[in-house]
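Naming convention: chains lettered A, B, ... in sequence-line order (proteins, then strands); numbering from 1 in each chain.
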2 protein chains.
Amino acid sequence: MTRVPLKEQMHRVREDAIVSSVIRLLADKGYDLMTVDEVAADVGIAKASLYKHFGSKEELAASAMVTLLDRALAFVASLPREGDPLLQLQAVARWAMQVQLAGEMPSLPSQNSSLRAALMSHRVYLDRLIELSERLGNWISAGQANGSLARSLPPEVILYTLFARACDPVLATLKLSGQYPDEQIIEWLLLSTFSGLSARP
Amino acid sequence: MTRVPLKEQMHRVREDAIVSSVIRLLADKGYDLMTVDEVAADVGIAKASLYKHFGSKEELAASAMVTLLDRALAFVASLPREGDPLLQLQAVARWAMQVQLAGEMPSLPSQNSSLRAALMSHRVYLDRLIELSERLGNWISAGQANGSLARSLPPEVILYTLFARACDPVLATLKLSGQYPDEQIIEWLLLSTFSGLSARP
DNA sequence: GTCTATAAATCGATAGAC
DNA sequence: GTCTATCGATTTATAGAC
């Protein structure tokens with residue numbers, strides 16, 4: 001057991017606080033509307049101090065996104081290895097929606113986003129994204145093989161749809177209406193995602 | 001037949017050109033990343049001239065959104081009045097996806113967007129939005145009544161989901177991959193929207 | 001009405017003292 | 001490492017000549 005120097009602990013704690021603020025601000029306002037001044041104010045330090053920890057606004061956002069993917073990978077790893085693939089995927093979708101309701105799920109960096117370009121050249125982010133895609137991809141293949149997932153859709157379409165539903169704006173709209181409890185909202189969105197809008201025979 | 005003065009015709013043509021540019025730029029970059037300079041350059045006039053037609057960037061965007069809602073209402077009105085509600089809704093969804101593939105569908109103004117606040121106090125926009133929601137709402141009620149739409153989902157959830165799918169980022173992602181023809185992409189998204197990701201019995 | 005030029009505000013990033 | 005203060009670039013919006 002090597003003792004961790006106090007200095008390094010302080011450093012780590014501060015960076016965690018920064019990333020935590022960035023995640024919430026990203027989820028709340030999005031990358032473009034989030035200003036570095038706001039992040040500094042939210043953390044409670046000066047902007048110049050922020051730049052000692054992260055070299056740019058892009059790096060700041062990338063670190064937050066990597067932390068989010070790590071949380072997703074940790075949840076995936078926590079699931080029993082030998083469950084029904086469909087149930088595994090539904091569990092991941094439910095978890096993602098809970099994160100979104102907690103205000104900690106930034107919307108997907110869209111094709112034209114300025115954030116996307118930065119992320120697409122960020123090796124650590126891409127590594128995590130590929131790893132998560134592979135884990136989900138395995139369940140998708142297994143689900144189509146055992147007949148619980150639609151075979152009429154390419155695995156690619158199912159994967160992208162799951163990522164998109166994790167940030168579905170329908171969730172925020174229903175929550176804002178204030179008419180329904182969080183759990184009810186999540187069940188409806190899971191139902192519409194996996195069973196569709198039309199009636200099942 | 002009263003003759004329309006040339007001056008007014010010129011005025012109308014120029015405003016149409018402006019709105020057309022704004023729609024494409026909104027769909028391409030979104031409201032925050034779209035600059036008034038770009039709009040002026042795209043139209044081919046000076047920025048100060050733009051401000052003679054529209055008082056602000058927000059008005060510019062609102063006019064574009066109203067035009068889009070008018071197009072949607074025109075399409076809805078073009079459908080046969082006595083069809084199957086489910087087929088009507090699917091036709092609207094298909095139309096919206098085609099518009100998106102044509103690069104003329106801005107993404108929904110999210111809850112936190114700076115555009116949303118402006119639109120929510122824009123009476124003409126709200127009028128159009130309510131009218132479209134009512135037309136779709138009627139079909140949703142009829143579809144649930146005749147058993148073609150899921151009765152386990154509140155009409156509200158179905159309506160919001162249809163709006164969200166019209167700007168679904170999954171469409172742009174699949175198109176960007178370049179592997180599939182546009183019509184194939186649309187059919188898959190319609191399938192996932194109305195029939196869901198899990199297999200139908 | 002259209003143009004050039006610029007005002008006013010904001011943002012990302014940095015210098016320099018401590 | 002943290003702070004205050006500021007730079008340089010960008011953006012919305014406007015003034016004033018034609």
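Rounded to a whole Å, the CD atom of A:Glu59 is 13 Å from the C1' atom of C:dA13. At whole-Å resolution of the value, CZ in A:Phe54 and P in C:dT14 are 16 Å apart. Atom P of nucleotide C:dC11 and atom NZ of A:Lys47 are separated by 9 Å, given to the nearest angstrom.
For the ring-ring contact (aromatic ring centres under 6.0 Å, His included) test, residues two or more places apart in sequence or in another chain that qualify with A:His53 are A:His11. The side-chain contact (heavy atoms from CB on, under 4.5 Å) search around A:Leu87 returns A:Asp84, A:Gln90, not counting sequence neighbours. Evaluation of the side-chain contact (heavy atoms from CB on, under 4.5 Å) rule for A:Ile130 yields A:Glu134 as partners, not counting sequence neighbours. Scanning for side-chain contact (heavy atoms from CB on, under 4.5 Å) contacts around A:Ser20 gives A:Arg24, with sequence neighbours left out. Checked against side chain to side chain donor-acceptor pair (under 3.5 Å), B:Asp37 has the following partners two or more places apart in sequence or in another chain: B:Lys47.
Taking the centre and axis of the six-membered ring of A:Tyr31, the NZ or CZ atom of A:Lys57 falls inside the cone set by 45° and 6.0 Å.
Within the structure, no pair that satisfies the salt bridge (charged side-chain N to carboxylate O under 4.0 Å, His left out) test touches residues 108-123 of chain A, not counting sequence neighbours.
Using a 4.0 Å heavy-atom cutoff across all strands shown, B:Lys57 reaches sugar-phosphate atoms only and no base atom.
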Side chains of residues 151-161 of chain A: which donor-acceptor partners sit under 3.5 Å, not counting sequence neighbours?
unit_1: A:Arg151; atom_1: NE; unit_2: A:Gln144; atom_2: O; d: 2.8
unit_1: A:Arg151; atom_1: NH2; unit_2: A:Gln144; atom_2: O; d: 3.2
unit_1: A:Arg151; atom_1: NH2; unit_2: A:Ala145; atom_2: O; d: 3.2
unit_1: A:Glu156; atom_1: OE1; unit_2: B:Tyr180; atom_2: OH; d: 2.5
unit_1: A:Glu156; atom_1: OE2; unit_2: B:Gln179; atom_2: NE2; d: 3.4
unit_1: A:Thr161; atom_1: OG1; unit_2: A:Val157; atom_2: O; d: 2.6

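Within residues 14-44 of chain A, the residues having any heavy atom under 4.0 Å from DNA chain D are, by residue number, A:Arg14.
In 5' to 3' order, the nucleotides of DNA chain D bounding all contacts with chain B (an atom under 4.0 Å from a heavy atom) are D:dT11 to D:dA15.
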